Amino acid sequence: MMNSEFVLELISVFHTGPVEPGSCVQKLVGNVPTGVILKDVSLEVHGGELMAVLGSKGSGKRALLEVISRRAQGPTRGQILLNHVPMSLRLFQDSCGYVTHKTQLLEGLTAKQTLEYAAKLSLSSKIGSTMRSGRVRQVLADLALSQVANRSVDLLTPSEYRRLVIGVQLIKDPLVLLLDEPAWGLDPLNTYFVISILSNHAKKYNRIILVTMEKPRSDIMPFLDRVSYLCLGDVVYTGSTRLMIDYFRSIGFPCPELENPLMYYLCLSTVDRRSRERFIDSNNQIAALVEKFKLEGGPYRKYSGPPPDMDHSEHKVPLSAYGRPGVFSAMAAVFGRAFTMMSPCSYMGIQQLFFRLLMLPAFFFLLWNFYWEIEDYQRSFQSRGGLLFNCVAGTAYLATAATSKTFAQHRTRYYHEAREGLYRGPLFITTYNLFSLPVSYVNVMAASAIVFFGLGLGDTAVQGPDWMGWLIFGSALWAVWAFVEQQTVALMMVVKSSYSAAAASIALTTFYLLVASATLRSLVGLPDWLYYLSHVIVYRYVAAVLHEQTFLDKLPNLPVNATSVCPDNNAEYGCRYRNGTYYLLERYHFPQNGLDLNRQDLDLWTNFGLSFAFFGGMLTLNLILYLVPLPAFIKSKFRD
């Protein structure tokens with residue numbers, strides 16, 4: 001068990017990583033230009049202290065946090081110790097926290113709900129619900145968020161949102177908290193407020209906090225116990241903030257009166273690129289400062305200030321020491337969070353309800369309104385075929401829209417939480433489907449009932465409503481929805497933009513419908529290579545189920561006028577199809593009246609089962625995709 005005298009040490013840390021963005025091809029083959037980013041970095045921070053890592057863009061501030069958190073890509077040499085224990089990824093995930101520069105929270109939740117689910121995902125069930133609730137209230141109070149606890153995340157001000165992001169990490173009581181630009185984009189007053197809150201947290205709970213800043217203001221200087229200046233990966237100074245001015249004065253760089261010492265020495269530690277001569281002079285000066293600190297900076301680096309006056313005995317055992325929740329507890333938390341996001345109490349909740357439960361029934365109501373005068377005579381065959389096509393195509397396209405709109409938040413939040421070690425990909429995708437699939441089934445069945453019963457598509461020989469026919473009709477359409485949802489989820493795993501993923505999914509769906517729906521083009525007229533290609537497309541089987549259910553041996557021919565009937569499939573008599581079976585003969589290959597082209601397309605239950613097999617295959621593929629590690633450059637775009 002770690003004692004209360006916490007200390008984080010970096011000893012001669014070198015890190016090599018990418019120094020240029022690199023093209024997609026370079027990222028895929030691992031050929032991105034690399035270089036030394038951190039050079040012989042040594043520093044230490046003690047419990048109760050707030051350290052600011054200062055430097056201009058490209059100085060290595062973020063790389064330093066990535067190295068400490070064991071997330072950095074590339075070789076690292078040197079020692080990183082927490083209480084003299086080597087820092088590993090598991091140790092950091094269990095005992096520390098990292099607030100990245102950009103973090104996306106789930107907008108359908110309130111501030112309090114966000115922290116409650118963060119507690120359920122990061123704190124062990126051994127702690128108990130009472131202690132978890134108390135921890136949530138304490139973090140809300142410490143971050144001055146109690147007044148907005150019941151306000152939706154999307155309605156928070158930038159300062160409140162940033163504090164809530166910090167609270168998600170503070171909820172587990174980390175020994176070390178790293179924050180990348182915590183005050184970025186905030187006005188001076190809120191910057192002062194956030195830094196003062198962090199300083200108070202470090203001293204109140206005897207924790208270690210490191211923040212990076214690019215433009216520090218003088219009014220936050222009293223809250224900084226330690227400061228480190230980096231320039232192109234080199235340490236210009238690291239140590240006590242109180243002794244910083246004395247150190248630079250002793251080496252011939254006193255801070256002018258009325259100047260902001262933090263910014264003055266930051267400018268001193270920044271390479272001047274305005275001209276070649278200034279670049280050379282400033283670079284030589286910084287190199288001299290780095291060498292000077294290596295020789296004389298030891299006492300400043302090790303200085304930890306006076307012993308704290310507060311009694312930290314109650315904080316010896318952080319909440320993170322109790323461990324993490326189990327798999328089923330994590331699943332319950334992720335499932336409950338997704339369900340809570342559908343609450344109609346917020347704008348985002350109403351949006352979720354519309355896309356998940358109202359959009360498809362609204363579309364099917366429009367279909368019913370358009371087709372409501374459809375009759376059971378032979379000239380309605382084409383209209384009925386168009387109706388079935390619209391049902392299949394509408395379900396597929398709206399499934400894409402609903403998934404791309406509602407899944408993006410869950411996807412991005414998963415990438416953040418997976419990096420923290422809270423749960424893994426298979427658990428996420430399994431839990432998401434446990435929540436999403438029942439909701440979508442209710443959605444599709446309700447929508448299909450509007451058309452099926454409203455337009456009389458059931459078996460007319462059945463007395464009363466044809467419930468079995470509706471079950472087959474709606475379930476086949478749900479197989480389309482579920483397949484497209486899984487297809488879009490797979491695309492959104494690697495495509496950040498919801499619109500780009502939706503566009504790709506719609507393009508695939510359009511191609512599938514053109515080839516295999518047997519409505520826009522019959523399977524009879526397809527070339528052999530396209531005909532056999534249609535066997536690997538789910539719409540072939542779903543459309544076959546709906547067509548067979550609607551037309552086979554149904555809709556007998558009726559008189560065209562008072563004196564003629566439809567004796568055969570002959571337009572000469574004023575009709576094209578004798579009955580529904582003749583319509584199917586034009587669209588599909590199947591034995592009928594001795595006709596057999598060695599192709600069997602219509603078998604209701606086989607096609608019904610294969611429709612769900614495609615959905616099961618896509619679901620399995622997603623489980624595998626979320627299990628296999630992705631390249632770091634793909635995951636990073638969802639986290640930064």
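Everything quoted here is computed from the prediction, not taken from an experiment.
In this structure Arg132 satisfies the salt bridge (charged side-chain N to carboxylate O under 4.0 Å, His left out) test with no other residue, sequence neighbours excluded. Contacts of His15 classified as ring-ring contact (aromatic ring centres under 6.0 Å, His included), with partners at least two apart in sequence or in another chain: none. For Ser12, the side chain to side chain donor-acceptor pair (under 3.5 Å) partners at least two apart in sequence or on another chain are Asp40. Residues passing the salt bridge (charged side-chain N to carboxylate O under 4.0 Å, His left out) test with Asp219 are Arg217, sequence neighbours excluded. For Ser440, the side chain to side chain donor-acceptor pair (under 3.5 Å) partners are Trp478, not counting sequence neighbours. Thr406 meets the side chain to side chain donor-acceptor pair (under 3.5 Å) test with Arg356; sequence neighbours excluded. For Arg413, the side chain to side chain donor-acceptor pair (under 3.5 Å) criterion is met by Glu417, not counting sequence neighbours. In this structure, Glu181 has no salt bridge (charged side-chain N to carboxylate O under 4.0 Å, His left out) partners at least two apart in sequence or on a different chain.
No hydrogens or angles considered: nothing links the side chains of Thr100 and Asp180 as a donor-acceptor pair under 3.5 Å. With 3.5 Å as the limit, one finds a donor-acceptor pair spanning the side chains of Gln486 and Asn433. Side chain to side chain, Ser159 and Asn190 meet the donor-acceptor criterion of an N or O pair below 3.5 Å.
Within a 6.0 Å sphere centred on CZ of Arg70, other residues, nucleotides and ligands contribute more than 12 heavy atoms. Dense packing is recorded around OH of Tyr161, with more than 12 heavy atoms of other residues, nucleotides or ligands lying under 6.0 Å away. Counting non-hydrogen atoms of other residues, nucleotides and ligands closer than 6.0 Å to CZ of Phe354 gives a total above 12.
Asp225 and Lys203 are joined by a salt bridge, as a carboxylate oxygen and a charged side-chain nitrogen come within less than 4.0 angstrom of each other. With salt bridges taken as basic N to acidic carboxylate O contacts below 4.0 Å, none links Glu66 and Arg71.
Under the salt bridge (Lys or Arg N to Asp or Glu O under 4.0 Å) criterion, no residue pair touches residues 7-17, with sequence neighbours excluded. The salt bridge (Lys or Arg N to Asp or Glu O under 4.0 Å) analysis of residues 143-164, with sequence neighbours excluded, yields the pairs Arg151-Glu160. Among residue pairs with one or both ends in residues 115-130, those qualifying as side-chain hydrogen bond (donor to acceptor under 3.5 Å, both in side chains) are Tyr117-Thr340; sequence neighbours excluded.
Looking at Val13 and Val67, their side chains come closer than 4.5 Å, going by heavy atoms from C-beta outward. Residues His201 and Leu170 form a side-chain contact, since some pair of their non-hydrogen atoms from C-beta on lies under 4.5 Å apart. Considering only heavy atoms from C-beta on, Leu109 comes within 4.5 Å of Met341 through its side chain.
At least one donor-acceptor pair closer than 3.5 Å links the side chain of Gln93 to the backbone N or O of Arg419. Between the side chain of Arg207 and the backbone N or O of Leu175, no donor-acceptor pair lies under 3.5 Å. Checked by atom type and distance alone, the side chain of Thr403 never pairs as donor or acceptor with a backbone atom of Thr400 at under 3.5 Å. One N or O on the side chain of Asn83 and one on the backbone of Val7 form a donor-acceptor pair closer than 3.5 Å. Side-chain atoms of Ser69 never come within 3.5 Å of backbone atoms of Tyr98 as a donor-acceptor pair (strictly under, hydrogens ignored). Within the 3.5 Å criterion, the main-chain N or O of Ala332 finds no donor-acceptor partner in the side chain of Arg337. At distances below 3.5 Å, not a single donor-acceptor pair connects side-chain atoms of Asn622 with backbone N or O atoms of Met493. The backbone N or O of Glu107 lies less than 3.5 Å from a partner atom in the side chain of Gln409, making a donor-acceptor pair. Ser329 places no side-chain N or O within donor-acceptor distance of the main-chain N or O of Pro325, the cut-off being under 3.5 Å. The backbone N or O of Phe193 sits less than 3.5 Å from a side-chain atom of Ser196, completing a donor-acceptor pair.
In this pair, Tyr237 and Tyr229 present their aromatic rings tilted. The plane angle is within the 30 to 60° band. In this structure, Tyr626 and Phe428 have tilted ring planes: the angle between them lies in the 30° to 60° band.
Taking the six-membered ring for Trp, Phe293 and Tyr300 have ring centres at least 6.0 Å apart. Taking the six-membered ring for Trp and the full ring otherwise, the centers of Tyr432 and His410 sit less than 6.0 Å from each other.
When all heavy atoms are compared, the tightest approach of Leu121 to Ala330 is CD2-O, 3.8 Å. In plain terms, the two heavy atoms of Met263 and Pro216 that are nearest each other are CG-O, 3.2 Å. Residues Leu266 and Glu214 share a closest heavy-atom pair of CD2-O, 3.1 Å. Shown here for Ile245 and Tyr265, the closest heavy-atom pair between the two residues is O-OH, 4.2 Å. Nearest heavy atoms, Phe14 versus Lys39: CD2-CA, 3.8 Å. Closest heavy-atom contact between Ala501 and Leu491: O-CD1, 3.7 Å.
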Identify each donor-acceptor pair in which a side-chain atom of residues 139-147 lies under 3.5 Å from a protein atom, sequence neighbours left out, and give them as a table.
| from | atom 1 | to | atom 2 | distance (Å) |
| --- | --- | --- | --- | --- |
| Asp142 | OD1 | Gln138 | NE2 | 2.8 |
| Asp142 | OD1 | Lys204 | NZ | 3.3 |
| Asp142 | OD2 | Gln138 | NE2 | 3.4 |
| Asp142 | OD2 | Tyr205 | OH | 2.7 |

So Val334 and Tyr423, side-chain contact (heavy atoms from CB on, under 4.5 Å) or not? Walk me through it.
-> CA-CA 10 Å; Val334 176; Tyr423 51 83; 3.9 Å; yes

Stepwise side-chain contact (heavy atoms from CB on, under 4.5 Å) check, Thr238 with Val227 = CA-CA 6 Å; Thr238 180; Val227 64; over 6 Å; no

